[in-house]
There are 2 protein chains.
Amino acid sequence: MADGITDRVRPRDRILETAQDMFHKHGIKGVGVDAITEAAGTNKMTLYRHFESKDELIVQCLRASAAKGAAIWDEFEAEHPGDKLAQLHAWVRKVAEMLAADGRGCDMANAAVELTEPDHPARSVIKELKGAQRDRLVALCRDAGIGQAELLADTLSLLFEGARVSVQTMGCQGPSTQFVRMAEGLISSFRAR
Amino acid sequence: MADGITDRVRPRDRILETAQDMFHKHGIKGVGVDAITEAAGTNKMTLYRHFESKDELIVQCLRASAAKGAAIWDEFEAEHPGDKLAQLHAWVRKVAEMLAADGRGCDMANAAVELTEPDHPARSVIKELKGAQRDRLVALCRDAGIGQAELLADTLSLLFEGARVSVQTMGCQGPSTQFVRMAEGLISSFRAR
DNA sequence: CTAGGGTGTTACCGGTCTGTAACTATCCTG
DNA sequence: CAGGATAGTTACAGACCGGTAACACCCTAG
């Protein structure tokens, strides 16, 4: 059958994309390499020609996932060029959208929960990528002219992270529905100082 | 060898205690029943005489873990009888302690991340237990005389949940160190209304 | 046309997983 | 002391896991 996708996209990219999706939906330890390759329309040997191990594949998936997240931030800049406060509000709206649409949390946070070995190669990558996310939010808050930018950014970060977990434990009708109110309240409260 | 613990405590309780500890440290899918029984000083057959399956053991561990959490709340009541506001502040302090001392998150949240099958027996239990936790925090906020008690309780819940995840992704030196400042700021801000 | 790199196929290795069977040893109670 | 419940031991079944070997194929570059 002429798949179209299977034909044109290179196996490596298909594997990476499929693995991201399956890890996200079913968890890392809940998906075997066989299942990934089959869903990607290829086979195990090809996977191991492009990734030296499952752990390496996991790391690449996390990097790809973080890159997609970073791309969204670029959209904010494109939609509200120079207006950092508007970008911050856009971030809040976007987060609320994600909470309602996706019942699973952040890939990096989920990976951190699943991969408990202290020296797992993914752990340092998660720390690095999460640090970059935080730095970006801090910079946005600061450039929006907010005093105590670090504290606001960290508060919003924890709120966000908590909401994504809450969706998984209590469903999308739980406390996470109040995220926008909480975040907007915090922002205006910090701006008032 | 005369173990003392192995001798006096019944196998079922040893298994439950050990499983809780190991699930917490290494994740549910990261621990096999063999490892649990060996660490508990017993064997697999005995485990399966007391628990019909690993899933059932998981559920019982979650209930036990939640019960321990509930016991802490009773301590607050004992330490500050009738003074709900003091109990709320005690909760904040206790949470901060946990964040600094334990690098792993909430057992229920972690389980929700790991057990992705929508009809896994643990999922409904997690929802139930998390709902009870939330209800208790809401009641505490309301009884402390705070208007918008639900909103404050949900905000604190998400902050707490987020902080426990953050410890796993960024370490205990990350944003979670600001938890007390955030929580206290929120409480006084809500009380001022 | 040909050589070679990327890909697919099949089979396999050794290990681990949950769960069970059959039997034995122990201990408490009546 | 007798008997029954509880616990321990060994072995095993059947499935799945990550990872590899060997070989056939096809497509494109030279």
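Each chain gets a letter, A, B and so on, in the order the sequences are listed, and its residues count up from 1.
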Residues that Asp154(A) engages under side-chain contact (heavy atoms from CB on, under 4.5 Å), provided they are two or more places apart: Arg134(A), Pro175(B), Gln178(B), Met182(B)
Whole angstrom is fine here: how far is it from OH in Tyr48(B) over to P in dT9(D)? 18 Å
What integer distance in Å separates Asn43(B):CG from dG19(C):P? 16 Å
What is the distance, rounded to the nearest whole Å, between atom CZ of Arg12(A) and atom C1' of dG8(C)? 19 Å
Kindly say if Thr46(A) contacts the phosphate of dG8(C), meaning a side-chain N or O under 4.0 Å from OP1 or OP2. yes
Nucleotide N/O to protein N/O under 3.5 Å, stretch nucleotides 21-29 of chain C:
none

What integer distance in Å separates Arg10(B):CZ from dA7(D):P? 6 Å
For dT6(D), does either OP1 or OP2 sit under 4.0 Å from a side-chain N or O belonging to His50(B)? no
Is there a donor and acceptor pair closer than 3.5 Å between the side chain of Lys54(A) and the base of dG19(D)? no
Residues forming a side-chain contact (heavy atoms from CB on, under 4.5 Å) with Ala70(A), sequence neighbours excluded: Arg136(A)
Within this structure, what is the CG-CG distance for the pair Asp135(B) and Leu140(B), rounded to the nearest 0.5 Å? 12.5 Å
How many Å lie between CZ on Arg14(A) and P on dG6(C), as a whole number? 15 Å
Once you round it to whole Å, what is the distance between P of dT20(C) and CG of Leu47(B)? 11 Å
Can you list everything that forms a side chain to side chain donor-acceptor pair (under 3.5 Å) with Lys25(B)? Sequence neighbours excluded, please. Asp21(B)
Could you tell me the separation between the CG atom of Asp34(B) and the P atom of dC16(D), rounded to a whole number of Å? 19 Å
When you check the phosphate oxygens OP1 and OP2 of dG8(D), does a side-chain N or O of Thr42(B) lie under 4.0 Å from one of them? yes
Quick one: side-chain contact (heavy atoms from CB on, under 4.5 Å) partners of Glu75(B), sequence neighbours excluded? Glu79(B)
Using 30° and 60° as the class limits, which term best fits the ring planes of Phe160(A) and Trp91(A): parallel, tilted or perpendicular? perpendicular
In whole Å, what is the span from the NZ atom of Lys44(B) to the P atom of dT9(D)? 14 Å
With sequence neighbours excluded, residues passing side chain to side chain donor-acceptor pair (under 3.5 Å) with Glu150(A): none
Salt bridge (Lys or Arg N to Asp or Glu O under 4.0 Å) pairs touching residues 35-49 of chain B, sequence neighbours excluded, are Asp34(B)-Lys44(B)
Any residue in residues 23-32 of chain A with a heavy atom nearer than 4.0 angstrom to DNA chain D? Just list them by number, or reply none. Val31(A), Gly32(A)
Scan residues 51-64 of chain A for pairs that pass salt bridge (Lys or Arg N to Asp or Glu O under 4.0 Å), counting only residues two or more places apart or in two chains. Arg63(A)-Glu128(A)
